[in-house]
Asks: 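Provided herewith is a single structure, encoded as structure tokens, for subsequent inquiry.
A, B, ... follow the sequence lines: proteins, then strands. Residue 1 opens every chain.
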Amino acid sequence: MSGLEWGFDGIDLRDVITGVLVLVAALMCFAAGVGLLRFPDVLSRLHAATKPQILGVIAIVADVAVSNPSLVTITLAVAIIFFQSLTAPVSAHMVGRAAYRTGHFRRDILVADEFRGHD
Amino acid sequence: MIVVVIVAGLLMGAGAIGALVRIIRGPSALDRIIASDVLVATAICAIGAEMAINRHTDTMPVLLGLALFGIVGSVSVARFLSARDDT
């Protein structure tokens, strides 16, 4: 790690990027925990739960790729982001459908219910 | 950097504790499976943060495995609940 390429004035730029991305991911995890505790029903908790699954994982994997820039790391990082963003919406969709069918949601706080009569 | 480690550890620990409380208290099985998904995502973030801060890539396959198979639990529970509810 040569200082001429990665930073200036004795500050390594990779350390700055690493710290910022770690803090973004940690903030997403904290927001998901608070949302799981505070939100009233399954559908709104599902909304809170998807934040660290996508944005947190993308931030942390990009962070690893910035911290160790090599071909293997970047390939694995792209694969991890690809599979996570492929599978997380599918599982969220199925959990949401199951929550609607089993009635684990509050109908009085729904703004629109486009499933009514179709399920 | 030590400040970043402490703050990130506190935030991730608070998020994991919130998910654990929801796993214990959650009124339905769907709440519990959502909270366990959040716990897996928090574990991914913690492992990756440790890798990025210490600058090694030893546990990168663990992240790939968690990202690949994290779907299995929630999809199977959702299918099981829907099938049982339809009969």
Asks: For chain B, which candidate among A:I54, A:V42, A:V90 shows the most heavy-atom pairs at distances under 4.5 Å?
Replies: A:V42
Asks: Same cluster or not: are B:V75 and B:L39 linked, directly or through other Ile, Leu, Val, Met, Phe, Trp or Tyr residues, by side-chain heavy atoms under 4.5 angstrom apart?
Replies: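 In one cluster: no.
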Asks: Same cluster for B:L20 and B:I44 if Ile/Leu/Val/Met/Phe/Trp/Tyr side chains link at under 4.5 Å?
Replies: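 No; B:I44 is not reachable from B:L20 via cluster members.
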Asks: Working to the nearest 0.5 Å, report the span between CG of B:L30 and CZ of A:F105.
Replies: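 B:L30 atom CG to A:F105 atom CZ measures 12.0 Å (nearest 0.5 Å).
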Asks: Can you say whether A:V57 sits under 4.5 Å from chain B via the side chain, the backbone, both, or neither, judging by heavy atoms?
Replies: both
Asks: Tell me, side chain or backbone of A:A77 under 4.5 Å from chain B's heavy atoms, or both, or neither?
Replies: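 Both backbone and side chain.
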Asks: Given heavy-atom pairs under 4.5 angstrom as the criterion, report whether the side chain, backbone, both or neither of B:M1 touches chain A.
Replies: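 Side chain of B:M1 only, per the 4.5 Å heavy-atom cut-off to chain A.
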Asks: Let's test your reading of the structure: which of B:A14, B:A19, B:G13, B:A41 forms the most heavy-atom pairs below 4.5 Å with chain A?
Replies: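 Looking at each option in turn, the highest pair count goes to B:A41.
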Asks: Would you give the length of the straight line joining atom CG of B:L64 to atom CG of A:L76, rounded to the nearest 0.5 angstrom?
Replies: 6.0 Å
Asks: Restricting to non-hydrogen atoms, name the atom on B:I33 and the atom on A:V95 that form the minimum distance, rounded to 0.1 Å.
Replies: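 Where B:I33 meets A:V95 most closely, the heavy atoms are CG2-CG2, 4.4 Å.
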Asks: Where is the tightest heavy-atom contact between B:V38 and A:A49, given as atom of each residue plus distance?
Replies: CG2-CB, 3.3 Å
Asks: Shorter than 4.5 Å, heavy atoms on both sides: which option in B:A29, B:S28, B:A46, B:P61 has the most such pairs with chain A?
Replies: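 Max contact count across the listed options: B:S28.
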Asks: When heavy-atom pairs shorter than 4.5 Å are enumerated against chain B, which of A:G33, A:G35, A:C29 gives the highest number?
Replies: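 Result: the option with the highest number of such pairs is A:C29.
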Asks: Check the pair A:V72 / B:T57 against side-chain contact (heavy atoms from CB on, under 4.5 Å), numbers first and verdict last.
Replies: CA-CA 10 Å; A:V72 177; B:T57 55; over 6 Å; no
Asks: Picking from A:V34, A:D41, A:L86, A:I60, which has the most non-hydrogen pairs under 4.5 angstrom with chain B?
Replies: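 So the answer, after comparing A:V34, A:D41, A:L86, A:I60, is A:I60.
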Asks: So if I apply the side-chain contact (heavy atoms from CB on, under 4.5 Å) rule between A:N68 and each of B:M60, B:H56, B:R55, which one comes out positive?
Replies: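 Considering B:M60, B:H56, B:R55, a side-chain contact (heavy atoms from CB on, under 4.5 Å) with A:N68 is found only for B:R55.
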Asks: Group every Ile, Leu, Val, Met, Phe, Trp and Tyr by side-chain heavy-atom contacts under 4.5 Å, then state whether B:F69 and B:V40 land in the same group.
Replies: yes
Asks: In terms of heavy-atom proximity below 4.5 Å to chain B, should A:T87 be classed as side chain, backbone, both, or neither?
Replies: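 Both backbone and side chain of A:T87 come within 4.5 Å of chain B.
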Asks: Which value, rounded to the nearest 0.5 Å, describes the distance between A:H47 atom NE2 and B:I34 atom CD1?
Replies: 12.0 Å
Asks: Minimum heavy-atom separation for A:A98 and B:A78, please, with both atom names.
Replies: CB-O, 3.7 Å
Asks: Any idea which heavy atoms bring A:L36 and B:A35 closest together, and the distance?
Replies: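 Closest pair (atom of A:L36, atom of B:A35, distance): CD1-CA, 3.8 Å.
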Asks: Between B:V62 and B:M12, is there a shared hydrophobic cluster once you connect ILVMFWY residues whose side-chain heavy atoms come closer than 4.5 Å?
Replies: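 Cluster IDs for B:V62 and B:M12 differ.
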Asks: Looking at B:A67, B:G48, B:P27, which has the largest count of heavy-atom pairs under 4.5 Å with chain A?
Replies: B:A67
Asks: How many angstroms lie between atom OG1 of B:T42 and atom CE of A:M28, to the nearest 0.5 angstrom?
Replies: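 That separation rounds to 12.0 Å.
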Asks: Checking side-chain contact (heavy atoms from CB on, under 4.5 Å) between A:V22 and each of B:L11, B:V5, B:V4, which is the one that passes?
Replies: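 Testing each of B:L11, B:V5, B:V4 against A:V22, the sole residue satisfying side-chain contact (heavy atoms from CB on, under 4.5 Å) is B:V4.
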Asks: What's the spacing between A:D63 CG and B:I53 CD1 if we round to 0.5 Å?
Replies: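 One gets 7.5 Å once the value is rounded to the nearest 0.5 Å.
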Asks: Taking all non-hydrogen atoms of both residues, which atom of A:A25 and which atom of B:C45 are closest, and how far apart?
Replies: CB-SG, 4.2 Å
Asks: Counting heavy-atom pairs under 4.5 Å to chain A, which of B:G15, B:A16, B:G65, B:G9 comes out on top?
Replies: B:G15
Asks: Out of curiosity, B:D37 CG to A:R45 CZ, how far, rounded to the nearest 0.5 Å?
Replies: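 Output value for this atom pair is 14.5 Å.
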Asks: Does one hydrophobic cluster hold both B:V7 and A:F30, with members joined at side-chain heavy-atom distances below 4.5 Å?
Replies: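 Looking at the clustering, A:F30 is in the same group as B:V7.
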